[in-house]
Amino acid sequence: MQQVMAGVDDKDTDAEMSAMLNDEGVRTETGTESNKDTDTKTGTMMDQKMEHKEKDWWKHMTLYQIYPRSFMDSNGDGVGDLQGIIMKLPYLAETGIEAIWLSPIYKSPMVDFGYDITDFKDIHTEYGTMKDLEMLITEAKRLGIKMIMDFVPNHTSDQNMWFEKSVNREDGYEDFYMWADAKMDKDGKRMPPNNWQSVFYGSAWTWNEKRGQYYLHQFTSAQPDLNFRNPKVVEAMDEVMRFWLDKGVNGFRIDAINHLFEDAELRDEPLTGKTDDKYSYEYTEHVYTKDLPEVMSMLQHWRKLVDDYTMKHGGPARIIMTEAYADLKTIMDYYETHDGKKGAHFPFNFNLITNLNEKSDARDYVFEVQKWLIYMPRGYTPNWVMGNHDNVRMATRFGPKRVDAMHMMLMTLPGVAVTYNGEEIGMQDNRDITWEDTVDPPARNVGREKYKEVSRDPARTPYQWNTQKNAGFSSAEKPWLPVHPNYKHLNLKQQMSQPSHYSVYKSLVELRKMPAMCRGQFRAEVLNRDVFAFEREVKGDNSVITVINIGPRARAVNLTEVFGLKYQQQLTVLVAGSKSTHSTGNALPADALPLAPYEGLVCMLE
Ligand code: GLC
């Protein structure tokens, strides 16, 4: 099976810097400098190495997504807030988290829980104030945690001033949004301009009486799409980015980027034939509303903006990561288009979420991992997303027994590991939320019969800190979403005091500092239908081998053939699962490695 080199991402290292530094971030001889001033030279070398590290801070980070509404409520109103996050920063620092991404905290009527923004430069009142946000940035910085903000360019709230001005055709705002005239049917009845649907069900067009036109919304009708063919919109959003960069944030997660542009002629989309429901998003092929080539130009423009900013102001690289659910080849264009133009530092890799489930076997896992590495343009940084606020939680997708093994996989793959808050303790979806308590717009849109099929509420319930009221999340009578009833036995406090998903997770975060983890060559092998293994190998240091039994039977596997290990070579356990009979430091035979059902092990090769 093919070997994939996945170490330092040279593509994103300044050409000048890479001439002086080798792959390992260590300075090489340039041969042009005099040897006179040795002390100064050593000093400079150190500085350059530091600077190099600082520039590349993101390439092997453990990124933790905070969903602010559900993380920690500091003032007892049932809704998480910025002071709550500040309270819990020491916990994240202690866990070894290097960067956090905050889902939107901007002013919003909360129709789509913050993804509908009324003011991109202000804070939502329930979450706190700009002062709180500044305090959060300062505190995070003090604790060595980088801050990534959610940047939501595709749409605003319908209560945004820009939209009001656009409705009124105010000077400069007439074309800020996607407006179109009605079509008339044969009876003279007003119809939307074409057959496009919203991702969240129903027509993507809503009539605005005042303006006398339809406006486009790829999500809820309270989220009108901005018109990125209008240079004034581009300018306004650039300014938003600069505003946050000036506040000291380290980068952006760009929301729903592949929805930015639509066909200028507003042509009907072809039907898929998958459903007769013309309001379903499945009804048409989204050839005119998703992944248009203009999206890439816009992304490249934003990449230049953050790169220029970093260049001008110095300090750590300001980075961009993108959210787009699309086919693999399209996703790879988000790293770099065929003409070599850089886009995101990395586009989120959702394949472990969308392409694997509890029925997947060892071959599926290895295939998914290899696929990303094969398609990724050379020299870029891979990334692996285990969960987020839009998808079923990891413990629910793969089953609670696989949580430790899944974390072993996530954390020993090359590149960036992304964790959604709560996954580190194996939180599960709360699938029993009633229709009355359901708040997620796509769930409300499809109605009482079908809401459970699409609702994202189950994965967004409050963080389970301890056994106190509302799992320690809030002192309110009723939090905004019901806490999962399993919090009495599934919570952080308990997991901190015993072998647990959390203790395994924390050991893995620590393990990521090993040279083999940071820059080791990567190889993945299928041992049998239930067991697969990864090897991370680096010259001059110990190799690390991750072995995972995804199946329900105990297995003993022989690793000597696949990784060319010596006969009867011993492996030393570095991390074992919370229920494992093995523990750190145990020696195990490489030719008959015993694995319990669903067991994962991370071992070192002496
Ligand atoms: C992204 C967000 C999702 C939101 C949507 C519309 O997909 O992750 O939560 O509903 O964009 O902004």
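For the 3.5 Å distance criterion, the side chains of His301 and Asp238 qualify, holding a donor opposite an acceptor. In this model, no donor atom of one side chain and acceptor atom of the other lie less than 3.5 Å apart for Ser157 and Asn160. Side chain to side chain, Thr284 and Gln197 meet the donor-acceptor criterion of an N or O pair below 3.5 Å. A side-chain N or O of His389 and one of Gln65 form a donor-acceptor pair less than 3.5 Å apart. Looking only at atom types and distance, the side chain of Asp116 has a donor-acceptor partner in the side chain of Ser108 under 3.5 Å away. Inspection of the Ser198 and His217 side chains reveals no N or O donor paired with an N or O acceptor under 3.5 Å. At a cut-off of 3.5 Å, with distance as the only test, no side-chain donor of Trp179 or Asn208 sits close to an acceptor on the other residue. In summary, the side chains of Tyr173 and Glu164 do not present any donor paired with an acceptor at a separation below 3.5 Å, with no hydrogens or angles considered. Side chains of Asn227 and Asn230: no donor on one and acceptor on the other come within 3.5 Å. Remark: the His259 side chain and the Gln218 side chain contain an N/O donor-acceptor pair separated by less than 3.5 Å. A donor atom on one side chain and an acceptor atom on the other are found under 3.5 Å apart for Asp112 and Gln223.
Relative to the six-membered ring of Trp435, Arg444 meets both conditions, a distance below 6.0 Å and an angle of at most 45° to the axis. Cation-pi contact between Lys146 and Trp58: absent, since separation from the ring centre below 6.0 Å together with deviation from the ring axis within 45° is not met.
The ring of Phe120 has its center closer than 6.0 angstrom to the ring center of Trp162. Tyr106 and His124 have their aromatic ring centers separated by at least 6.0 angstrom. Residues His345 and Tyr380 keep their aromatic ring centres 6.0 Å or farther apart. Between Tyr177 and Tyr215, the distance separating the two ring centers is not shorter than 6.0 angstrom.
Atoms OH and CD1, from Tyr420 and Ile353 in turn, are 10.5 Å apart once rounded to the nearest 0.5 Å. Note that the CG atom of Asp81 and the CG atom of Leu136 stand 11.0 Å from one another [nearest 0.5 Å]. Atom-to-atom distance recorded for Arg242:CZ and Leu305:CG is 4.5 Å, nearest 0.5 angstrom. Here the straight-line distance linking atom CD of Glu170 with atom CZ of Phe176 works out to 11.5 Å at 0.5 Å rounding. A distance of 11.0 Å separates OH in Tyr67 from OG1 in Thr461, rounded to the nearest 0.5 Å. Here Leu266 contributes atom CG and Asp181 contributes atom CG; the two are 10.0 Å apart, rounded to the nearest 0.5 Å.
Classification of Asp390 and Arg460 as a salt-bridged pair holds, one side-chain N sitting under 4.0 Å from a carboxylate O. No salt bridge links Lys341 with Glu336; every basic N to acidic carboxylate O contact stays at or beyond 4.0 Å. Electrostatic pairing of Arg431 and Asp429 counts as a salt bridge here, judged by a charged N lying under 4.0 Å from a carboxylate O. Looking at Glu262 and Lys290, no side-chain N of the basic residue comes within less than 4.0 Å of a carboxylate O on the acidic one, giving no salt bridge. At a threshold of 4.0 Å, the pair Asp307-Lys304 does not count as salt-bridged, since none of the basic side-chain nitrogens sits closer than that to a carboxylate oxygen. Using a 4.0 Å cut-off between a side-chain N of Lys or Arg and a carboxylate O of Asp or Glu, Lys329 and Asp327 do not qualify as a salt bridge. Taking the charged nitrogens against the carboxylate oxygens, Glu358 and Arg397 have no contact shorter than 4.0 Å, which rules out a salt bridge.
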Donor-acceptor contacts under 3.5 Å from residues 312-322 side chains, at least two apart:
residue, atom, partner, partner atom, Å
Arg318, NH1, Gly314, O, 2.8
Arg318, NH1, Pro316, O, 2.6
Arg318, NH2, Gly314, O, 3.4

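The number of heavy-atom neighbours closer than 6.0 Å to NZ of Lys141, taken from other residues, nucleotides and ligands shown, is 12 or below. Atom CG of Asp171 has 12 or fewer neighbouring heavy atoms from other residues, nucleotides or ligands inside a 6.0 Å radius. Remark: Phe243 CZ is packed, more than 12 non-hydrogen atoms of other residues, nucleotides or ligands lying under 6.0 Å away. Counted within 6.0 Å of CG on Asp185, heavy atoms from surrounding residues, nucleotides or ligands total more than 12; the atom is thus considered enclosed. For CE of Met161, the number of neighbouring non-hydrogen atoms (other residues, nucleotides, ligands) closer than 6.0 Å is 12 at most. Within a 6.0 Å sphere centred on OH of Tyr309, other residues, nucleotides and ligands contribute more than 12 heavy atoms. When the shell of 6.0 Å around NZ of Lys121 is examined, it contains more than 12 heavy atoms from other residues, nucleotides or ligands.
For the side chain to side chain donor-acceptor pair (under 3.5 Å) with Tyr201, the lone residue among Asn445, Thr220, Asp277 that qualifies is Asp277. Of the options Asp255, Asp150, Asn154, a side chain to side chain donor-acceptor pair (under 3.5 Å) to Tyr115 is made by Asp150 and by none of the others.
The salt bridge (Lys or Arg N to Asp or Glu O under 4.0 Å) search around Lys165 returns none, not counting sequence neighbours. Under the salt bridge (Lys or Arg N to Asp or Glu O under 4.0 Å) criterion, Glu368 pairs with Lys371, not counting sequence neighbours.
Among all heavy-atom pairs drawn from Pro462 and Pro479, the shortest one is CG-CB, 4.2 Å. What you find for Leu410 and Trp384 is that their closest heavy atoms are CD1-O, 3.3 Å. Heavy-atom minimum distance, Phe228 versus Met237: CZ-CG, 3.8 Å. Nearest approach of Tyr127 to Pro104, heavy atoms of both residues: CE1-O, 3.6 Å.
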Subject >> Derivation of the ring-ring contact (aromatic ring centres under 6.0 Å, His included) call for Phe151 and Trp302 >> reply: CA-CA 11 Å; Phe151 180 70; Trp302 284 325; 5.4 Å; yes
Original post:
Yes or no on ring-ring contact (aromatic ring centres under 6.0 Å, His included) for Phe71 and Tyr463, after CA distance, side-chain angles and deciding distance?
Top reply: CA-CA 5 Å; Phe71 197 56; Tyr463 192 99; 5.6 Å; yes
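Residues Arg211 and Ser166 have side chains in contact (heavy-atom distance under 4.5 Å, counting atoms from C-beta outward). Looking at heavy atoms from C-beta onward, Glu323 lies out of side-chain contact with Asn388 at the 4.5 angstrom threshold. Under the 4.5 Å side-chain criterion, counting only non-hydrogen atoms from C-beta, Arg456 is not in contact with Phe113. The closest side-chain heavy-atom distance from Asn383 to Phe348 is below 4.5 Å. Between Asp158 and Thr206 there is no side-chain heavy-atom pair separated by less than 4.5 Å. Counting heavy atoms from C-beta outward, Ile148 and Leu102 have side chains that stay 4.5 Å or more apart.
Under the 3.5 Å distance criterion, the side-chain polar atoms of Asp437 are left unmatched by any main-chain donor or acceptor of Leu481. In this structure a side-chain-to-backbone donor-acceptor pair under 3.5 Å is missing from Asn351 to Asn355. Of the possible polar contacts, one joining the Thr354 side chain to the Phe350 backbone as a donor-acceptor pair under 3.5 Å is found.
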